[in-house]
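Read through the structure below, which is laid out as structure tokens, and then see the notes.
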Amino acid sequence: AWRIEDREFLHEILLSDAVLIHEDYSGFNHYKTYWDINILADQLLLLYRELREANHNMADDFLAILNKLIELDCVGMNNIHLRSDLIASIYNDLGCYSESITEKIKYFRKAYELYPENITFTLNLASSLISNSEYADADELMDIILKHIDENYVSGKTKHLIYSTKLESAIHNNQSEIGYFSRKLLTNAIEDFKVSSKTMSSVNLANYWNQNYSGLLSTITTADAARNKGAENSYDAALFHKGVLLRSQNYRANNILNSNDTLLIKYYNKYCYEQQHNTDSVDFYEKTMLYYYSLHPEFLKGEITPSWKDVRSKLSNKDVAIEFSTMLDTGDDQLYYVALILAKQFETPKLIRLCKCNDLYSLINNKQKNGYSIAYDEYIDGVNVIYSLIWSHLEEHLKGYKNIFFSPCDQLNFINLECLAKKNGGKRMNEIYNMRRVSTTGNIPSCDIDIKSVVLYGGIDYNNTL
């Protein structure tokens, strides 16, 4: 094994002209030797990623050095080799994913053997085995983990990782378990978020959601697509997922204003005032308000997330509700848009696959003129290209209905789906149906609303104060 202990080797491998020119990035001193090769590799990997994010032309040089350290099996003066988890990270950045997974398994298997009671090491090993299609071994570990959470307290976000890992295994190996663990995943997310929303500030709650649950809807939709037995879990996930942060804030505000707690209402009003005027006291008053809010256990019990059955009960025979979502096809590893369709007559919601997300994204963004996407005006074989990607897949499912309540997601939020026409000069969707765009179909009114007039505002100066 090569040793990084002499100045000549350091100069050749590390202190190339590229590194010396950009010494402000590297901080390397050519008189310095490295006791531990892992410290050096950690620094190089960090620098590579920073340069890559900045689109710096020196990034590839750092990655080449890291690759050389692996090829030469370099060690530091302490004779310790590169850690398997670090090699896995380097391989991942090199695009050598199979090698990366192998190193991860090696690292977490050793960690699990040393600390079998550590739930994190066990879960990471199981996840790595699933990535390597070693499902039987992964399921044995998952059984240990599931038994552990039945007997011990485990945080909501850790349970989320556990159920997500088990669900991924079920999708590939045991489809009879998909529905059960998909529902466990959703139920845990709802309960954990309900508790977190009671004590976390608005900023912390948003960060908590984005870090742990932002991919929840797509994960459960992917599971329902693999199960191919209805879309109950996906529809319920959509009702919970969409607008969850705003809904939690409104729920909190209603609880406070309808309470008899004068002190809580006082600090809530003070918080709203400080927030509106963007003062330095916002955090203080929000924390104080949350403290008094936490003294009301009844607030935690009252929040209810609607289910697809609640939505179905509001629909008439002329209505159809659509929740748009995304799913990962485990065959081609591509993300697709899907429509979750519900009508009064349906026993369960239906899941209809639409187009690849990248196809729609490329179409809209690659065809721009003066800030307007000319894809709206593009036709192939007489059919509008955007219509063919979305509504053409749903035509047969919409026959016989008058009102369409639909909730977009992702890129679909920025497309005027209501005004798409199948053929040039043909009727638009909103001329064939009563199109009702909603943030979530959980907000469908229980009675028909006939809109007679609207008020339009334009040229608004948002920097002006009233």
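We're numbering straight along the sequence, starting at 1.
- The aromatic rings of F193 and F240 sit perpendicular, their planes meeting at an angle over 60°, well past the 30° parallel limit.
- Ring centroid separation for the pair W209 and H241 comes in under the 6.0 Å cut-off.
- How far CD1 of I162 is from NZ of K184: 11.0 Å, rounded to the nearest 0.5 Å.
- Scanning both residues, S248 and S197, for their nearest heavy atoms gives CB-CB, 4.2 Å.
- Side-chain rings of Y97 and Y91 stay apart, their centers remaining 6.0 Å or farther from each other.
- Taking each heavy atom of V338 and R353 in turn, the nearest pair found is CG1-CA, 4.0 Å.
- For Y293 and F299, the gap between ring centers is short of 6.0 Å.
- Within the 3.5 Å criterion, the main-chain N or O of M435 finds no donor-acceptor partner in the side chain of N403.
- The cationic group of K270 lies under 6.0 Å from the six-membered ring centre of Y285 and within 45° of the ring axis, placing it in a cation-pi geometry.
- By the 6.0 Å and 45° rule, K344 does not stack over the aromatic ring of F346.
- In plain terms, the two heavy atoms of A231 and L351 that are nearest each other are CB-CB, 4.0 Å.
- Considering all non-hydrogen atoms of both residues, S388 and V383 come closest at CB-CG1, 4.0 Å.
- Considering all non-hydrogen atoms of both residues, T288 and F284 come closest at OG1-O, 2.8 Å.
- Note on E191 versus K194: salt bridge recorded, some NZ/NE/NH1/NH2 to OD/OE distance being below 4.0 Å.
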| query | Step by step, would you call R52 with L63 a side-chain contact (heavy atoms from CB on, under 4.5 Å)? | reply | CA-CA 10 Å; R52 181 186 61 187; L63 190 59; over 6 Å; no
